[in-house]
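Take a look at the structure set out below.
Remember, it's 1-based here, ligands and their atoms both numbered in the order they're listed.
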Amino acid sequence: MPDRILRAIAHPTIDHRGQAFAVLGREVLDGLQRVFQTSGHVVIYPSSGTGAWEAALVNTLSPGDNVLMFETGHFAVLWRDMAARLGLQVDFIPGDWRHGVDPAIVEQKLAEDRGRAIMAVAVVHNETSTGVTSRIPDVRRAIDEARHPALLLVDTISSLGSIDYRHDEWRVDVTVSCSQKGLMLPPGLGFNAISERALAASSSARLPRSYWDWAPMIKDNAAGFFPYTPATNLLYGLREAVRMLMDEGLVNVFARHQRFAEATRRAVAGWGLEILCAKPEEYSPALTAVVMPADHDADAFRTLVLERFDMSLGAGLGKLKGKIFRIGHLGDFNDLMLAGTLSGVEMGLAASGVPFMRGGVTAALEYLASETGRPALT
Ligand SMILES: *Cc1c(COP(=O)(O)O)cnc(C)c1O
(Lines give C-alpha, C1' and ligand atoms only; values in the text may rest on other atoms or scores of the structure.)
Protein backbone atom coordinates (compact mmCIF):
# COMPACT_ATOMS: atom_id res chain seq x y z
CA MET A 1 0.00 0.00 0.00
CA PRO A 2 1.37 3.41 -0.96
CA ASP A 3 2.44 5.65 1.94
CA ARG A 4 0.24 8.40 0.50
CA ILE A 5 -2.79 6.21 1.12
CA LEU A 6 -1.71 5.06 4.57
CA ARG A 7 -1.15 8.67 5.62
CA ALA A 8 -4.56 9.67 4.26
CA ILE A 9 -6.23 6.93 6.30
CA ALA A 10 -4.56 8.30 9.45
CA HIS A 11 -6.79 11.42 9.38
CA PRO A 12 -8.97 11.87 12.48
CA THR A 13 -12.33 10.13 12.15
CA ILE A 14 -15.04 12.73 11.70
CA ASP A 15 -18.78 12.73 12.40
CA HIS A 16 -20.36 10.93 9.47
CA ARG A 17 -23.52 13.02 9.86
CA GLY A 18 -21.68 16.34 9.67
CA GLN A 19 -21.15 18.68 6.72
CA ALA A 20 -17.42 17.98 6.45
CA PHE A 21 -18.26 14.34 5.84
CA ALA A 22 -20.70 15.19 3.06
CA VAL A 23 -17.85 16.80 1.10
CA LEU A 24 -15.74 13.66 1.47
CA GLY A 25 -18.71 11.45 0.58
CA ARG A 26 -19.46 13.27 -2.68
CA GLU A 27 -15.77 13.39 -3.58
CA VAL A 28 -15.28 9.63 -3.30
CA LEU A 29 -18.54 8.83 -5.08
CA ASP A 30 -17.66 11.17 -7.95
CA GLY A 31 -14.12 9.79 -8.04
CA LEU A 32 -15.32 6.21 -8.25
CA GLN A 33 -17.50 7.11 -11.24
CA ARG A 34 -14.32 8.11 -13.05
CA VAL A 35 -12.59 4.87 -12.08
CA PHE A 36 -15.54 2.70 -13.22
CA GLN A 37 -15.93 4.99 -16.28
CA THR A 38 -19.60 5.52 -15.59
CA SER A 39 -21.94 8.46 -15.15
CA GLY A 40 -24.40 6.27 -13.21
CA HIS A 41 -24.69 5.47 -9.53
CA VAL A 42 -21.85 3.82 -7.63
CA VAL A 43 -22.53 2.60 -4.10
CA ILE A 44 -19.94 1.90 -1.40
CA TYR A 45 -20.46 -0.69 1.33
CA PRO A 46 -18.33 -1.24 4.42
CA SER A 47 -17.69 -4.81 3.23
CA SER A 48 -15.36 -7.17 1.45
CA GLY A 49 -15.79 -7.98 -2.23
CA THR A 50 -17.99 -10.92 -1.31
CA GLY A 51 -20.54 -8.50 0.12
CA ALA A 52 -20.54 -6.54 -3.13
CA TRP A 53 -21.16 -9.82 -5.02
CA GLU A 54 -24.20 -10.44 -2.85
CA ALA A 55 -25.44 -6.88 -3.33
CA ALA A 56 -25.31 -7.28 -7.12
CA LEU A 57 -27.45 -10.44 -6.97
CA VAL A 58 -30.02 -9.50 -4.32
CA ASN A 59 -30.76 -6.09 -5.80
CA THR A 60 -31.49 -7.33 -9.31
CA LEU A 61 -32.89 -10.88 -9.09
CA SER A 62 -35.79 -12.88 -7.64
CA PRO A 63 -35.94 -16.36 -6.09
CA GLY A 64 -35.62 -19.08 -8.76
CA ASP A 65 -34.33 -16.74 -11.45
CA ASN A 66 -32.02 -18.32 -14.02
CA VAL A 67 -28.46 -17.04 -14.15
CA LEU A 68 -25.72 -17.98 -16.62
CA MET A 69 -22.25 -18.27 -15.06
CA PHE A 70 -18.86 -19.61 -16.20
CA GLU A 71 -16.34 -21.76 -14.39
CA THR A 72 -13.27 -19.66 -15.11
CA GLY A 73 -11.62 -20.41 -11.76
CA HIS A 74 -11.91 -20.33 -7.98
CA PHE A 75 -13.69 -16.98 -7.68
CA ALA A 76 -16.24 -17.88 -10.33
CA VAL A 77 -16.98 -21.05 -8.33
CA LEU A 78 -17.46 -19.07 -5.13
CA TRP A 79 -19.80 -16.59 -6.80
CA ARG A 80 -21.79 -19.49 -8.28
CA ASP A 81 -22.03 -21.11 -4.83
CA MET A 82 -23.36 -17.86 -3.41
CA ALA A 83 -25.95 -17.52 -6.18
CA ALA A 84 -27.12 -21.09 -5.54
CA ARG A 85 -27.38 -20.48 -1.78
CA LEU A 86 -29.48 -17.39 -2.48
CA GLY A 87 -31.98 -19.57 -4.34
CA LEU A 88 -31.03 -18.73 -7.93
CA GLN A 89 -30.95 -21.40 -10.67
CA VAL A 90 -27.42 -21.29 -12.04
CA ASP A 91 -26.45 -22.74 -15.41
CA PHE A 92 -22.71 -23.10 -14.70
CA ILE A 93 -20.70 -23.63 -17.89
CA PRO A 94 -17.73 -25.90 -17.06
CA GLY A 95 -14.21 -24.66 -17.72
CA ASP A 96 -10.61 -25.85 -17.40
CA TRP A 97 -9.38 -22.86 -15.33
CA ARG A 98 -7.05 -21.86 -18.19
CA HIS A 99 -9.54 -19.97 -20.34
CA GLY A 100 -11.83 -16.98 -19.90
CA VAL A 101 -15.53 -16.78 -20.71
CA ASP A 102 -16.17 -17.97 -24.26
CA PRO A 103 -18.36 -15.33 -25.96
CA ALA A 104 -19.56 -17.93 -28.50
CA ILE A 105 -21.08 -19.98 -25.68
CA VAL A 106 -22.72 -16.87 -24.22
CA GLU A 107 -24.32 -16.20 -27.59
CA GLN A 108 -25.35 -19.82 -28.10
CA LYS A 109 -26.89 -20.17 -24.62
CA LEU A 110 -28.83 -16.94 -24.96
CA ALA A 111 -29.99 -17.71 -28.50
CA GLU A 112 -31.30 -21.08 -27.28
CA ASP A 113 -33.19 -19.38 -24.46
CA ARG A 114 -36.25 -18.51 -26.56
CA GLY A 115 -38.45 -18.05 -23.51
CA ARG A 116 -36.03 -15.38 -22.24
CA ALA A 117 -35.80 -17.14 -18.88
CA ILE A 118 -32.16 -16.19 -18.26
CA MET A 119 -32.27 -13.04 -16.18
CA ALA A 120 -28.54 -12.39 -15.83
CA VAL A 121 -25.12 -13.33 -17.20
CA ALA A 122 -22.54 -13.06 -14.41
CA VAL A 123 -18.83 -13.14 -15.23
CA VAL A 124 -15.54 -12.55 -13.48
CA HIS A 125 -13.47 -10.06 -15.50
CA ASN A 126 -10.04 -10.96 -14.13
CA GLU A 127 -9.85 -14.44 -12.57
CA THR A 128 -7.38 -13.79 -9.78
CA SER A 129 -6.95 -17.52 -9.20
CA THR A 130 -5.69 -18.19 -12.75
CA GLY A 131 -4.38 -14.95 -14.27
CA VAL A 132 -6.95 -15.11 -17.06
CA THR A 133 -8.86 -11.98 -18.15
CA SER A 134 -12.20 -12.46 -19.90
CA ARG A 135 -13.00 -10.14 -22.79
CA ILE A 136 -16.02 -8.21 -21.54
CA PRO A 137 -16.64 -6.24 -24.80
CA ASP A 138 -16.93 -9.59 -26.63
CA VAL A 139 -19.32 -10.94 -23.98
CA ARG A 140 -21.41 -7.78 -24.40
CA ARG A 141 -21.40 -8.26 -28.18
CA ALA A 142 -22.54 -11.86 -27.76
CA ILE A 143 -25.51 -10.76 -25.63
CA ASP A 144 -26.37 -8.13 -28.23
CA GLU A 145 -26.06 -10.61 -31.11
CA ALA A 146 -28.54 -12.90 -29.36
CA ARG A 147 -30.84 -9.87 -28.79
CA HIS A 148 -31.30 -11.11 -25.26
CA PRO A 149 -32.44 -8.83 -22.40
CA ALA A 150 -30.37 -10.55 -19.65
CA LEU A 151 -28.53 -8.23 -17.30
CA LEU A 152 -24.72 -8.33 -17.45
CA LEU A 153 -23.05 -8.54 -14.01
CA VAL A 154 -19.25 -8.31 -13.88
CA ASP A 155 -16.78 -8.92 -11.03
CA THR A 156 -13.87 -6.46 -11.46
CA ILE A 157 -12.42 -7.07 -8.02
CA SER A 158 -8.87 -7.63 -9.23
CA SER A 159 -9.09 -5.63 -12.46
CA LEU A 160 -10.48 -2.23 -11.47
CA GLY A 161 -7.67 0.30 -11.40
CA SER A 162 -5.21 -2.07 -13.11
CA ILE A 163 -6.92 -3.31 -16.30
CA ASP A 164 -8.95 -1.25 -18.77
CA TYR A 165 -12.60 -1.41 -17.76
CA ARG A 166 -15.54 0.68 -19.00
CA HIS A 167 -18.86 0.22 -17.22
CA ASP A 168 -20.90 2.54 -19.46
CA GLU A 169 -19.25 1.93 -22.83
CA TRP A 170 -19.52 -1.86 -22.40
CA ARG A 171 -23.09 -1.48 -21.09
CA VAL A 172 -22.48 -3.53 -17.98
CA ASP A 173 -25.46 -3.52 -15.61
CA VAL A 174 -23.75 -4.14 -12.31
CA THR A 175 -20.01 -3.94 -11.81
CA VAL A 176 -18.75 -5.44 -8.56
CA SER A 177 -15.46 -4.41 -6.99
CA CYS A 178 -13.71 -3.73 -3.70
CA SER A 179 -10.86 -1.81 -2.14
CA GLN A 180 -7.94 -4.13 -1.50
CA LYS A 181 -6.58 -5.07 -4.92
CA GLY A 182 -5.92 -2.66 -7.79
CA LEU A 183 -7.25 0.25 -5.75
CA MET A 184 -4.28 -0.09 -3.39
CA LEU A 185 -6.35 0.18 -0.19
CA PRO A 186 -6.73 -2.07 2.83
CA PRO A 187 -9.71 -4.47 2.75
CA GLY A 188 -13.05 -3.13 3.89
CA LEU A 189 -14.88 -1.37 1.03
CA GLY A 190 -17.18 -3.08 -1.47
CA PHE A 191 -18.57 -1.36 -4.58
CA ASN A 192 -21.41 -1.71 -7.05
CA ALA A 193 -21.62 0.44 -10.19
CA ILE A 194 -25.23 0.37 -11.36
CA SER A 195 -26.80 0.91 -14.80
CA GLU A 196 -30.26 2.39 -15.37
CA ARG A 197 -31.51 -1.07 -16.38
CA ALA A 198 -30.17 -2.60 -13.18
CA LEU A 199 -31.78 0.16 -11.16
CA ALA A 200 -35.09 -0.52 -12.89
CA ALA A 201 -34.70 -4.25 -12.20
CA SER A 202 -34.12 -3.51 -8.52
CA SER A 203 -37.59 -2.03 -8.14
CA SER A 204 -39.20 -5.41 -8.87
CA ALA A 205 -36.44 -7.84 -7.73
CA ARG A 206 -37.71 -10.03 -4.87
CA LEU A 207 -34.66 -11.64 -3.27
CA PRO A 208 -34.70 -10.46 0.37
CA ARG A 209 -32.37 -7.53 0.97
CA SER A 210 -31.82 -5.03 3.72
CA TYR A 211 -28.19 -4.15 4.45
CA TRP A 212 -27.38 -4.44 0.74
CA ASP A 213 -30.39 -2.49 -0.53
CA TRP A 214 -29.31 0.09 -3.09
CA ALA A 215 -32.31 2.37 -2.56
CA PRO A 216 -31.43 3.93 0.83
CA MET A 217 -27.79 4.17 -0.28
CA ILE A 218 -28.58 6.06 -3.45
CA LYS A 219 -31.02 8.33 -1.60
CA ASP A 220 -28.54 9.39 1.10
CA ASN A 221 -25.54 9.44 -1.25
CA ALA A 222 -27.13 12.30 -3.21
CA ALA A 223 -26.07 14.67 -0.43
CA GLY A 224 -22.83 12.78 0.32
CA PHE A 225 -24.18 10.71 3.22
CA PHE A 226 -24.76 7.03 3.95
CA PRO A 227 -27.77 5.31 5.54
CA TYR A 228 -25.56 3.59 8.13
CA THR A 229 -22.04 4.11 9.42
CA PRO A 230 -19.55 4.17 6.55
CA ALA A 231 -15.90 3.08 6.85
CA THR A 232 -14.88 6.72 7.24
CA ASN A 233 -11.11 6.32 7.36
CA LEU A 234 -11.05 4.00 4.37
CA LEU A 235 -12.91 6.70 2.46
CA TYR A 236 -10.00 9.08 3.10
CA GLY A 237 -7.78 6.39 1.64
CA LEU A 238 -10.12 5.92 -1.31
CA ARG A 239 -10.04 9.65 -2.06
CA GLU A 240 -6.24 9.50 -2.15
CA ALA A 241 -6.25 6.34 -4.29
CA VAL A 242 -8.50 7.99 -6.87
CA ARG A 243 -6.21 11.04 -6.91
CA MET A 244 -3.20 8.81 -7.53
CA LEU A 245 -4.94 7.04 -10.41
CA MET A 246 -6.08 10.33 -11.94
CA ASP A 247 -2.65 11.97 -11.48
CA GLU A 248 -1.06 9.15 -13.45
CA GLY A 249 -3.99 8.90 -15.86
CA LEU A 250 -5.98 5.69 -16.26
CA VAL A 251 -4.54 5.06 -19.73
CA ASN A 252 -1.01 5.17 -18.31
CA VAL A 253 -1.97 3.01 -15.33
CA PHE A 254 -3.33 0.32 -17.67
CA ALA A 255 -0.27 0.54 -19.93
CA ARG A 256 2.03 0.19 -16.91
CA HIS A 257 0.36 -3.07 -15.89
CA GLN A 258 0.53 -4.36 -19.47
CA ARG A 259 4.28 -3.75 -19.41
CA PHE A 260 4.71 -5.54 -16.09
CA ALA A 261 2.69 -8.49 -17.34
CA GLU A 262 4.73 -8.71 -20.56
CA ALA A 263 8.01 -8.49 -18.63
CA THR A 264 6.80 -11.20 -16.24
CA ARG A 265 5.81 -13.49 -19.12
CA ARG A 266 9.25 -13.00 -20.68
CA ALA A 267 10.79 -14.03 -17.35
CA VAL A 268 8.59 -17.14 -17.17
CA ALA A 269 9.52 -18.06 -20.75
CA GLY A 270 13.18 -17.49 -19.92
CA TRP A 271 12.88 -19.92 -17.01
CA GLY A 272 11.35 -22.47 -19.37
CA LEU A 273 8.18 -22.62 -17.27
CA GLU A 274 4.58 -22.59 -18.43
CA ILE A 275 1.99 -19.86 -17.97
CA LEU A 276 -1.37 -21.21 -16.78
CA CYS A 277 -3.43 -18.93 -19.07
CA ALA A 278 -3.82 -20.78 -22.37
CA LYS A 279 -4.70 -17.89 -24.70
CA PRO A 280 -2.46 -14.86 -25.27
CA GLU A 281 -5.48 -12.59 -25.79
CA GLU A 282 -6.62 -13.51 -22.28
CA TYR A 283 -3.30 -12.96 -20.47
CA SER A 284 -3.95 -10.95 -17.32
CA PRO A 285 -2.22 -7.58 -16.93
CA ALA A 286 -2.78 -7.87 -13.14
CA LEU A 287 -1.10 -11.16 -12.29
CA THR A 288 0.62 -14.13 -13.90
CA ALA A 289 0.02 -17.71 -12.73
CA VAL A 290 2.94 -20.08 -13.34
CA VAL A 291 2.57 -23.86 -13.59
CA MET A 292 4.97 -25.76 -11.33
CA PRO A 293 6.82 -28.60 -13.09
CA ALA A 294 5.27 -32.00 -12.31
CA ASP A 295 6.46 -33.63 -9.06
CA HIS A 296 7.27 -30.26 -7.50
CA ASP A 297 5.05 -28.68 -4.88
CA ALA A 298 4.30 -25.03 -5.59
CA ASP A 299 3.46 -24.43 -1.93
CA ALA A 300 6.83 -25.75 -0.72
CA PHE A 301 8.44 -23.36 -3.23
CA ARG A 302 6.29 -20.48 -1.99
CA THR A 303 7.24 -21.23 1.62
CA LEU A 304 10.94 -21.21 0.73
CA VAL A 305 10.62 -17.86 -1.06
CA LEU A 306 8.71 -16.40 1.88
CA GLU A 307 11.25 -17.56 4.45
CA ARG A 308 14.38 -16.66 2.46
CA PHE A 309 13.31 -13.42 0.84
CA ASP A 310 10.29 -12.27 2.84
CA MET A 311 8.26 -12.30 -0.36
CA SER A 312 4.75 -13.71 -0.50
CA LEU A 313 3.75 -15.30 -3.82
CA GLY A 314 0.10 -16.13 -4.49
CA ALA A 315 -1.01 -19.69 -3.75
CA GLY A 316 -2.85 -22.05 -6.05
CA LEU A 317 -6.51 -21.85 -4.97
CA GLY A 318 -9.08 -24.62 -5.03
CA LYS A 319 -8.12 -27.41 -7.41
CA LEU A 320 -4.89 -25.60 -8.33
CA LYS A 321 -3.50 -25.88 -4.78
CA GLY A 322 0.18 -26.86 -4.89
CA LYS A 323 0.19 -26.85 -8.70
CA ILE A 324 0.79 -23.17 -9.49
CA PHE A 325 2.15 -20.01 -7.96
CA ARG A 326 0.99 -16.51 -8.80
CA ILE A 327 3.07 -13.38 -9.36
CA GLY A 328 1.02 -10.28 -8.63
CA HIS A 329 1.80 -7.10 -10.59
CA LEU A 330 -1.35 -5.09 -9.90
CA GLY A 331 -1.93 -1.90 -7.95
CA ASP A 332 0.97 0.17 -6.66
CA PHE A 333 3.89 -1.36 -8.52
CA ASN A 334 6.94 -0.10 -10.39
CA ASP A 335 9.80 -1.44 -12.50
CA LEU A 336 12.15 -2.02 -9.60
CA MET A 337 9.49 -3.74 -7.49
CA LEU A 338 8.90 -6.08 -10.41
CA ALA A 339 12.65 -6.61 -10.87
CA GLY A 340 12.93 -7.52 -7.19
CA THR A 341 9.93 -9.82 -7.37
CA LEU A 342 11.23 -11.71 -10.38
CA SER A 343 14.70 -11.95 -8.81
CA GLY A 344 13.14 -13.52 -5.72
CA VAL A 345 11.35 -16.07 -7.89
CA GLU A 346 14.52 -16.92 -9.83
CA MET A 347 16.61 -17.29 -6.67
CA GLY A 348 13.84 -19.35 -5.10
CA LEU A 349 13.67 -21.67 -8.10
CA ALA A 350 17.42 -22.26 -7.84
CA ALA A 351 17.24 -22.90 -4.10
CA SER A 352 14.31 -25.28 -4.32
CA GLY A 353 15.77 -27.62 -6.90
CA VAL A 354 12.98 -27.03 -9.39
CA PRO A 355 14.23 -27.68 -12.95
CA PHE A 356 14.43 -24.34 -14.74
CA MET A 357 16.71 -22.25 -16.93
CA ARG A 358 18.59 -19.17 -15.80
CA GLY A 359 17.99 -15.92 -17.54
CA GLY A 360 14.33 -15.13 -16.91
CA VAL A 361 15.14 -12.01 -14.91
CA THR A 362 17.59 -10.85 -17.58
CA ALA A 363 14.92 -11.21 -20.27
CA ALA A 364 12.46 -9.20 -18.18
CA LEU A 365 14.99 -6.43 -17.49
CA GLU A 366 15.91 -6.21 -21.16
CA TYR A 367 12.26 -5.72 -22.03
CA LEU A 368 11.67 -3.14 -19.29
CA ALA A 369 14.71 -1.15 -20.44
CA SER A 370 13.95 -1.41 -24.17
CA GLU A 371 12.09 1.08 -26.36
CA THR A 372 9.10 -1.21 -26.76
CA GLY A 373 8.95 -1.78 -23.03
CA ARG A 374 9.40 1.88 -22.18
CA PRO A 375 6.71 3.59 -20.18
CA ALA A 376 4.73 6.16 -22.16
CA LEU A 377 5.87 9.73 -21.54
CA THR A 378 3.06 11.67 -19.90
C1 LIG B 1 -10.47 -11.35 -3.99
C2 LIG B 1 -11.56 -11.66 -4.95
C3 LIG B 1 -12.88 -11.88 -4.53
C4 LIG B 1 -13.27 -11.93 -3.08
O5 LIG B 1 -13.14 -10.69 -2.45
P6 LIG B 1 -13.17 -10.60 -0.87
O7 LIG B 1 -12.84 -9.16 -0.60
O8 LIG B 1 -12.16 -11.57 -0.35
O9 LIG B 1 -14.54 -10.95 -0.41
C10 LIG B 1 -13.84 -12.09 -5.49
N11 LIG B 1 -13.55 -12.10 -6.81
C12 LIG B 1 -12.29 -11.90 -7.25
C13 LIG B 1 -12.02 -11.92 -8.72
C14 LIG B 1 -11.26 -11.68 -6.34
O15 LIG B 1 -10.01 -11.50 -6.78
Report summary line: Near ligand 1 (heavy atom, under 4.0 angstrom), the protein residues are S48, G49, T50, W53, F75, V124, N126, T128, D155, I157, S158, C178, Q180, K181

Report task. In plain terms, say whether D144 and R140 are close enough for a salt bridge, that is, a side-chain N and a carboxylate O under 4.0 Å apart. Result -> yes

Query raised in the report: Would you call R256 and E248 a salt bridge, using N to O less than 4.0 angstrom?
Result: yes

Query raised in the report: In terms of side-chain heavy atoms, does T13 have a donor or acceptor partner in N233 at a distance below 3.5 Å?
Result: yes

Query raised in the report: What residues, two or more places apart in sequence or in another chain, satisfy salt bridge (charged side-chain N to carboxylate O under 4.0 Å, His left out) together with D247?
Result: R4

Requested in this report: List for me each residue that meets salt bridge (charged side-chain N to carboxylate O under 4.0 Å, His left out) alongside R141, sequence neighbours excluded, and say none if there are none.
Outcome: D138

Query - Contacts of type ring-ring contact (aromatic ring centres under 6.0 Å, His included), residue Y236, not counting sequence neighbours - result: H11

